[in-house]
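One-based numbering along the sequence shown.
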Amino acid sequence: MYKFDHDWFSQNIPNLTHLFKGFGGDKLNILEIGAFEGRSTVWFLENTPCNITCIDTWEGGEDHDKNNPEIDFEQAKANFRTVFIVTGK
């Protein structure tokens with residue numbers, strides 16, 4: 001089972017569904033920069049024929065205060081690992 005603590009992705013699903021439905025069976029190579037917990041990674045793996053490479057430092061960016069108690073980047077990294085445990089990819 002996936003574990004996610006934040007949802008900054010779901011509002012993008014309608015647009016991505018529309019955008020990627022024309023790709024048919026072509027295998028996509030996707031580079032995801034800033035994977036955070038992996039919610040979008042899961043969407044791509046479950047909804048497109050793809051190979052996906054994810055890059056994230058889990059250190060946050062200028063828009064993320066590292067002292068914000070609502071964002072635990074170590075937990076986000078741990079949650080991201082569950083994506084690969086569940087999907088095997």
Begin from the C-alpha positions of Ser40 and Asn12 and carry the test side chain to side chain contact (heavy atoms under 4.5 Å, CB included) through to its verdict.
CA-CA 9 Å; Ser40 56; Asn12 299 311; over 6 Å; no

Using a 3.5 Å distance criterion without hydrogens, assess whether the side chain of Glu32 forms a donor-acceptor pair with backbone atoms of Ile55.
no

Shortest non-hydrogen contact from Ile30 to Cys50?
CD1-CB, 3.8 Å

Across all chains, not counting sequence neighbours, the side chain to side chain donor-acceptor pair (under 3.5 Å) partners of Thr48 are none

What residues, two or more places apart in sequence or in another chain, satisfy side chain to side chain donor-acceptor pair (under 3.5 Å) together with Asp5?
Lys3, Asn79

Once side-chain contact (heavy atoms from CB on, under 4.5 Å) is applied, do any residues pair with Thr53, and if so which ones, sequence neighbours excluded?
Leu31

To the nearest 0.5 angstrom, please state how far the NE2 atom of His18 sits from the CD1 atom of Ile13.
15.5 Å

Please list, chain by chain and in numerical order, all residues satisfying side chain to side chain donor-acceptor pair (under 3.5 Å) with Ser10, sequence neighbours excluded.
Asp7

One should read off an interatomic distance between Phe4 CZ and Gln75 CD, to the nearest 0.5 angstrom, of 12.0 Å

Applying side chain to side chain donor-acceptor pair (under 3.5 Å), can you list everything that pairs with Asn29, at least two apart in sequence or on another chain?
Asn51

Beyond-backbone contact of Thr17 with Trp43, side-chain heavy atoms, under 4.5 angstrom:
yes

Between CD on residue Gln11 and CG on residue Leu16, distance to nearest 0.5 Å
10.0 Å

What's the verdict on side chain to side chain contact (heavy atoms under 4.5 Å, CB included) for Phe20 and Phe44, showing C-alpha distance, side-chain angles and the deciding distance?
CA-CA 10 Å; Phe20 284 95; Phe44 281 110; 3.6 Å; yes

Residues pairing under salt bridge (charged side-chain N to carboxylate O under 4.0 Å, His left out) where one sits in residues 8-19, two or more places apart or in two chains, turn out to be none

Give, for atom CD of Glu37 and atom CH2 of Trp8, the distance between the pair rounded to the nearest 0.5 Å.
7.5 Å

